[in-house]
Amino acid sequence: MPLSDRDLTRRILQRVGLGPRPGQVDAAGPDATLARLLAPAAGDPGVAATPPPAFAPSAGRAQRQDGAEQGRELAVWWLDRMVAVEAPFPERMAWFWHGHFATSVRKVRSGALMYGQNATQRELGGGDFRALARAMVVDPAMLVWLDGGGNRVGRPNENLAREFMELFTLGVGNYAETDVREAARALTGWRVDAGTGAAALTPRNHDPGPETVLGTTGALDATGLVDLLISRPATPRFLAGRVWARFVGHTPPADADLDALVAAYGPGHDMTAMVRAATGAPAFRDPGSLLVRQPVEWLVGALRALRLPASALPAAALRKGLAGLGQVPFAPPDVGGWPAGAPWLTTAAALSRLQLARAVAGAADLSAVTDVPTAGRVAATAELLGLPAFTPRTTDALTPLAGRPPDLVAAALTSPENTVSA
Amino acid sequence: MNILTRRRFLQASVGAALVAAAGEIGWLELADRTRTHPLPPDAGVLVLVTLYGGNDGLGTVVPAADPAYQDARPDLAYAEHEVLDLGEGLGFNPGLAGLKRQWDAGTLAVVRGVGYPQPDHSHFRSMDIWQTASPEHPTGTGWIGRWLDGAGRDPLSAVSLEPVLPPLLAGATTAGATLPVSGLALPRGPLGTAFAALGAPADGEPELQAVAARAVADLHRTVDTLGPALDGGDEPDARVAGGATAPDAPGGALAAQLGAVARCVEAGAPTRVYSVSLGGFDTHADERSTQQRLLTEVDAAVAGFLERMAGSDRGRRVVVTVYSEFGRRVAANANEGTDHGTAGPVLVAGSGVRGGFVGDQPSLTDLDAGDLKPSTDFRDVYASLLAGVLETDPEPVLGAGRSTLPLLRT
C-alpha cells in the first residue's frame, strides 16, 4: 500500500525541504507542497535574516591560521540559514552538492573560499549541472582542496582530475588510468591568488595539449574537459544514483528508475527536474523507502520544528554534538563525502544524539508542549516535531516524561522514529 | 580472567547508577554476556592504528644511507646522523624515539615495502582497498567486519574509538561498536529510563528504524560492559583525513584513543580488535616538519601504550599494527613535499611480536613511474594477524592463497 497523502507530504517536507514547520504537514497536499518547494519564491525573509559572515578574501599565511575558527563560524551560519529559510530547496541542494563535491575547511583554511564555493553551489545547485561542474573544476576552494594549484605543465598533479572523474561525474570504473593522467594535463595552469582568493589560469603553466580523454583527442582546457565528461552517459546515471541515495532510499534504483531520472535531467542537465523525477518514482511512495537522516538533517529538522537558531545553542554542545555524530558542515571526512544509511546508526552516535537533543530541548521554547495537559503531551510532541504517531514502544517510553517537557522532547528527538525519515 | 572473576569485576565496577540507567537491561543480561562472551585470558588482541592521508614511508623508515634517497629529496632528506639507526642502512624518523626503544627490545617488526598490485593513487580508493582488503573489486565489507560476521557477530568484538565507523569494521551482518573516548555517561533518572526503553524493538517497524533502536540498545549494553573502563577519558575531536588532531587532549587525539583502549584491555573487555586513527599525513608541502610532528605524536601515543601494555598479562597479548593507505612519491615536488605514492612500511609491535625487519626494502632506483615497487602484499600482513593474533583461518576473510609472515613469536 503506498503512503497516505499526509505521510507523503511529510516525506516531501523532510527530504526535498529540510523538515516541516509545525502544522506544515497538514497545510497542503503532497502535490502542492512539492510544487511550492521546487519553485522557491525570491525574497525569502529567512535569507535576509541570515547574512553570511564577512571574511577577508585573503588566503595568505596569516589568514590561514584562522581557518579552523572561520570554518566553525561558517558552519553555525549555514545551520542558522537552513533553519531560517521558508523556501528550503536551495539550501537542500547546496547541502546535497556539499556532500557531492565534498571539500573541507581543514585543508582549505579559509572561510572566504569555503563560503564562495557554498554560494556557487546554492546559486547553481538546482539548475544546469554543466554550469555547476564548470564552476567547481576551477573553484578556488576546490583547487586548494585537491591541489589543483600545484598542477602545472610538465609537473602534473592528478588529484583533482582523478576525483572529478571518480567522485563528481563519471563514477569509478568508467575511465582508465591513462584518462586520469591526460585529464590532469587539461587542468594544468590554474592557481589561487593568495591575496584575492581568486582562481586564474596562467597560460604559460597550462599544457597546450593535445590530450586524449575517453577516446577523444583535442587541446582540452578545464571547460572542455568538463563538457567532455558531462557528455558521457555515465555521468547522468552516476548523478541519478547519488540523487536516489539522498532523496529516495538506500536500496539501489532499478534501471527503469534510473532511466526516468536521466530522461528528466535531459539535454539541459536539469537537476531540479531530476529531483522531481525522483519524487515521482514509485519507490518514493513506498512506505519501506526509509532514509537515515544525516546528523545535520536531523538537527536542522529539530531546529526548524522548534524555530530555534543553531547559534542559540551552547557553542560547545553544538560543536561536540556534531563532531560526535560525525558530521560537521564544511569538514567532511574526505573527498568522498559522508556516508548514507546504516553507517550513521552507531552506538557512539546514539549517545551524541541524546546529548545534542538535550541541548536543543533545553534551549527551545516548548510552550507547544507545556500548554497541553500532561495526558496529551506525547502526542503534542509528535505533532510539534512533525512525526507520525509513535510506536507503542516509544509512546510507553515517553509517557513517564510528560511532566518533564525538556526531557520529553529530548527523548522524542532521539527516538528511532525521528532518527529516520519515514 | 575466568567467568567467576569476570563477573566479580562487573559487579565491582558497574555502579548502582549505571544499573539504574540501563533500565530493563539488568544483571541477568550482564551475566549472560559474561557467560557467552568472556575474553579468555590468553586471547590475542589486535589494535589497528590507521594513519590517514598517506604517511610517507621513506620519511618513517628512512633509507638515509642510500645516495638515491638524498638525490631524490635534496631539501627533505634526513642525514644519516639524524635518523635512529635500525641497521641495513635504514633509520627511524627522529620523532620515533619511543618506538626505537621497542625495536631495541626486540618487540617491534618493520614490514617493508607493503602494498598491493596496480596501486591506486586516490586516498579514497586506496584506503578503501586497505580497509576492505579487496584490491580487485570494491566491496561493502571491511576485513575485520568479515571476521566479525564469522566470529559470533558481536559488535563488542571489534570496537572503534573514532566518531564514525571505519569501513574496516563494517561486516555484511555485523558492524563493530563505536565508542566515544570521552566516557559513556548516560543520563540517570526518568530520562535515562526512557532512553533505554527506546532501544526495545517495536512490532512491525521498518528495518532501518529497527536498526536505530538496536543502536540505542547496543549503547546501553556497551555502557554496561565498557563504561567503567572509559570513565575519565579525554575529550576527542573528530577524525578527518584533512588533518585534525585534538589540540585540547593531553598528548593528542591518538593518545586519548589509545588511553581508552588501554583501560578496556586491562578491564578485560570482551573485545578482540580495536581501531584508532590519526589524520593529517597528506604532506604535499612542507613535509619534513609536518610529518616529524605527526610521527612524534604517534610515537608518544603508541610507545606509551605499548609500555603500559607490557605491564599486565592481558596487555602482553596485545599486538599493535600501524599502517597508512599509501606511501609517497620517491622524488620530492617543488613545494618541499611529496605526492601520492605506493608502498610503505607497516609497523607491528607488542610483547609477543618477533622484532626485526620483514620483507625487502624497495629499490629507490628500480621504480614504477616514479613510485616504489611493493615487495610485500598487505593481505599477507593481515593473514598473519588473523592467524597469529585472532587465531582464525584467514581464508574466509581474505580469500585463498595468502601466506603468513614471521611476525609473532610462537
Side-chain angles (χ1 to χ4, degrees), chain A residues 104-107 147 150 155 157-159 162-163 166-167 172 250 287-288 290-292 320 322-326 328 331-336 339 341-352 354 358 391-394 396-398 400-401 404 407-408 410-411 414-417 419-420 422, chain B residues 52 121-125 127 138 155 160 163-165 170 175 177-180 182 184 186-187 190-191 193-216 218-219 222 235-244 282 284-285 333-335 339-340:
Chain A
S104 174
V105 72
R106 308 243 183 187
K107 180 170 174 182
D147 308 307
R155 205 196 289 266
N157 184 318
E158 298 163 3
N159 204 1
R162 180 185 305 280
E163 307 303 9
E166 175 183 336
L167 298 173
V172 73
H250 301 307
L290 264 63
L291 287 175
V292 178
K320 287 178 188 170
L322 288 174
L325 285 164
V328 179
D334 57 45
V335 66
W344 291 117
L345 301 175
T346 65
T347 47
L351 182 59
S352 293
L354 177 66
R358 294 180 83 182
T391 59
R393 176 260 331 272
T394 298
D396 290 348
L398 298 182
L401 300 178
R404 310 158 69 95
D407 284 352
L408 171 61
T414 63
S415 67
E417 290 89 330
T419 304
V420 299
Chain B
Y52 283 93
H121 290 78
S122 154
H123 294 294
F124 187 68
R125 269 297 294 148
M127 188 54 89
S160 161
V164 178
L165 191 72
T178 66
L179 301 182
S182 54
L184 283 166
L186 285 170
L191 178 59
T193 305
F195 188 50
L198 290 173
D203 281 345
E205 71 183 329
E207 173 59 18
L208 279 172
Q209 192 172 307
V211 174
R214 279 205 295 278
V216 174
D218 284 347
L219 170 65
T222 302
E235 191 65 34
D237 202 348
R239 187 280 301 165
V240 293
D282 195 16
H284 287 278
N333 65 22
N335 301 324
D339 295 320
H340 304 175

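Note that this is a predicted model, so its numbers are computed, not measured. Values below: every heavy atom of this structure, side chains too, minus hydrogens, waters and symmetry copies. In what follows, chains carry the letters A, B, and so on, assigned in the order in which the sequence lines appear, proteins first and then strands, with residues in each chain numbered from 1.
With a threshold of 4.5 angstrom between heavy atoms, B:A170 does not approach chain A through any atom at all. When heavy atoms are compared at a cutoff of 4.5 Å, A:T419 approaches chain B solely by way of its side chain, counted from C-beta outward. The part of A:L167 that comes within reach of chain B is its side chain, from C-beta onward, which places non-hydrogen atoms under 4.5 angstrom from that chain. Interface remark: A:S415 contributes backbone and side-chain atoms alike to the contact with chain B (heavy atom separation under 4.5 Å). Proximity to chain B (any heavy atom under 4.5 Å) is shown, for A:D396, by neither the backbone nor the side chain. Both the backbone and the side chain of B:A177 come within contact range of chain A, each with at least one heavy atom under 4.5 Å from a heavy atom of that chain. In this structure, chain B has heavy atoms under 4.5 Å from both the backbone and the side chain of A:L290. Heavy-atom distances place the side chain of B:D339, and not its backbone, under 4.5 Å from chain A.
B:A215 and A:T347 make their closest contact through O-CG2, 3.8 Å (heavy atoms, listed as atom of the first residue, atom of the second, distance). Scanning all heavy atoms of the two residues, the minimum distance from A:A397 to B:L198 falls at CB-CD2, 3.9 Å.
When side chains are defined from C-beta on, B:L191 does not count as touching A:R404, because their heavy atoms never get closer than 4.5 Å. Residues B:D282 and A:K107 meet the side-chain proximity criterion, which asks for heavy atoms closer than 4.5 Å. Side-chain atoms of B:T193 and A:P400, non-hydrogen and from C-beta on, never get closer than 4.5 Å to each other.
Under the rule for a salt bridge (Lys or Arg N to Asp or Glu O under 4.0 Å), A:E166 has no partner lying at least two apart in sequence or in another chain. Looking at residues two or more places apart in sequence or on another chain, you find a salt bridge (Lys or Arg N to Asp or Glu O under 4.0 Å) between A:R393 and A:E417, B:E205.
Once rounded to the nearest 0.5 Å, the distance linking CZ of B:F195 with CG of A:L401 reads 12.0 Å.
Ranked by non-hydrogen atom pairs under 4.5 Å with chain B, the options A:D147, A:V292, A:N159, A:V105 are led by A:D147. For the set A:L354, A:T394, A:T391, A:L408, the entry with the most heavy-atom pairs within less than 4.5 Å of chain B is A:L354.
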